[in-house]
Amino acid sequence: QVQLVESGGGLVQAGGSLRLSCAASGRTFSSYNMGWFRKAPGMERGFVALITWSRGIVYYADSVKGRSTISRDLAKNTVYLQMNTLKPEDTAVYYCAADRTSSIHTTPQAYYYWGQGTQVTVSS
């Protein structure tokens, strides 16, 4: 059984920062890629960032590139998403997900394990 637990969401003013965490448990993720997705009301779940677990290669959606940093702590089995210069349009539920393959995917359908999500609200 695999569990992903997100934390770190909250209410922040525009221009502020948040760091989201995703703690993984249940098995090792040495060959999995980890992604962050978000879903705003009335929108589809969309890609935010991913990191390859073994080599730490990163990819970002254009909407967050330059403002966000994804990282991982292998010893803690935890993935982080540091978000800076937050905008009201970043408001969404943020989900952590694990891809059981080692390929690069930016679509949510490719990810098998999901966390419960953490709410991020950015006020203007």
Side-chain angles (χ1 to χ4, degrees):
Q1 188 71 14
V2 174
Q3 289 93 30
L4 301 175
V5 179
E6 301 99 334
S7 61
L11 173 64
V12 63
Q13 288 188 330
S17 299
L18 282 175
R19 188 176 82 154
L20 307 183
S21 300
C22 173
S25 62
R27 65 178 299 163
T28 59
F29 288 82
S30 59
S31 61
Y32 292 4
N33 295 337
M34 300 294 293
W36 284 98
F37 292 81
R38 65 186 181 185
K39 187 180 187 308
M43 305 282 286
E44 296 290 324
R45 190 174 299 193
F47 170 73
V48 177
L50 71 85
I51 186 166
T52 63
W53 196 262
S54 57
R55 298 179 63 189
I57 299 171
V58 299
Y59 294 86
Y60 297 96
D62 289 342
S63 57
V64 303
K65 194 176 296 182
R67 301 188 294 122
S68 298
T69 303
I70 187 171
S71 61
R72 85 268 194 258
D73 185 325
L74 298 177
K76 295 182 179 179
N77 248 13
T78 300
V79 177
Y80 304 97
L81 182 67
Q82 175 70 42
M83 300 189 294
N84 302 319
T85 320
L86 283 161
K87 305 174 182 179
E89 51 263 44
D90 294 317
T91 295
V93 178
Y94 284 71
Y95 297 90
C96 169
D99 184 349
R100 291 192 299 181
T101 74
S102 58
S103 300
I104 302 298
H105 295 118
T106 60
T107 56
Q109 292 81 1
Y111 287 75
Y112 190 81
Y113 301 109
W114 290 85
Q116 82 289 349
T118 185
Q119 176 70 47
V120 171
T121 303
V122 184
S123 63
S124 57

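Each residue takes its place number in the sequence, starting with 1.
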Practice problem: Decide whether F47 and I104 are clustered together by the hydrophobic rule: side chain heavy atoms of Ile, Leu, Val, Met, Phe, Trp, Tyr closer than 4.5 Å, transitively. | Solution: yes
Quiz item: Does any pair with a residue in residues 40-87 pass disulfide bond (SG atoms under 2.5 Å apart), and if so which ones, sequence neighbours excluded?
Solution: none
Quiz item: What pair of heavy atoms forms the shortest contact from Y32 to A98, and how long is it?
Solution: CD2-CB, 4.4 Å
Self-check item: Spacing of CD belonging to Q3 relative to CD belonging to Q116, to within rounding of 0.5 Å
Solution: 11.0 Å
Practice problem: With the side chain counted from C-beta on, respond yes when W114 and F37 share a heavy-atom pair under 4.5 Å apart, and no when they do not. | Solution: yes
Exercise. Over all heavy atoms of both residues, which pair between N33 and S103 is shortest? Give the atoms and the distance, please.
Key: ND2-O, 2.7 Å
Practice problem: Please list all pairs passing the salt bridge (charged side-chain N to carboxylate O under 4.0 Å, His left out) test where one or both residues lie in residues 70-83, with sequence neighbours left out. | Solution: none
Quiz item: Quick one: does V12's side chain get under 4.5 Å of M83's, heavy atoms only?
Solution: no
Exercise. Treat each ILVMFWY residue as a node, draw an edge where side-chain heavy atoms are under 4.5 Å apart, and state whether L20 and V64 are in one component.
Key: yes
Quiz item: What distance do K39 atom NZ and E44 atom CD have between them, rounded to the nearest 0.5 Å?
Solution: 7.0 Å
Exercise. Give the intermediate values and the outcome of side chain to side chain contact (heavy atoms under 4.5 Å, CB included) for residues I51 and W36.
Key: CA-CA 9 Å; I51 186 166; W36 284 98; over 6 Å; no
Quiz item: Does one hydrophobic cluster hold both V58 and Y111, with members joined at side-chain heavy-atom distances below 4.5 Å?
Solution: no
Quiz prompt | Sequence neighbours excluded, every pair satisfying salt bridge (charged side-chain N to carboxylate O under 4.0 Å, His left out) that has a member inside residues 12-25 | solution = none
Self-check item: Nearest non-hydrogen partners of S124 and P88, listed with the distance
Solution: CB-CG, 3.9 Å
Quiz item: Taking all non-hydrogen atoms of both residues, which atom of S68 and which atom of L81 are closest, and how far apart?
Solution: CB-CD1, 4.2 Å
Quiz item: Are L74 and Y113 grouped together when hydrophobic residues (ILVMFWY) are joined by side-chain heavy atoms under 4.5 angstrom apart?
Solution: yes
Quiz item: Does a side-chain heavy-atom distance below 4.5 Å link L50 with D99?
Solution: no
Quiz item: Checking side chain to side chain contact (heavy atoms under 4.5 Å, CB included) for the pair N77/S25: CA distance, chi angles, key distance, verdict?
Solution: CA-CA 7 Å; N77 248 13; S25 62; over 6 Å; no
Quiz prompt | Cluster overlap V79 with V5, hydrophobic side-chain contacts below 4.5 Å | solution = no
Exercise. Can you tell me which residue pairs pass the ring pair (Phe, Tyr, Trp, His ring centres under 6.0 Å) test with a partner in residues 54-105, sequence neighbours excluded?
Key: none
Quiz item: Taking only residues two or more places apart in sequence, or in another chain, which ones meet T121 in a side chain to side chain donor-acceptor pair (under 3.5 Å)?
Solution: Q119
Self-check item: Minimal non-hydrogen separation, S123 against L11, with atom names
Solution: CB-CD1, 4.3 Å
Quiz item: If you take all heavy atoms of G115 and E6, which pair is closest and at what distance?
Solution: CA-OE2, 3.2 Å
Exercise. Kindly write out the residues that satisfy salt bridge (Lys or Arg N to Asp or Glu O under 4.0 Å) with R67, not counting sequence neighbours, or none if the list is empty.
Key: D90
Practice problem: Sort out for me which residue in C22, S21, C96 forms a side chain to side chain contact (heavy atoms under 4.5 Å, CB included) with S7. | Solution: S21
Quiz item: Do L4 and M34 come within less than 4.5 Å of each other through their side chains, counting heavy atoms only?
Solution: yes
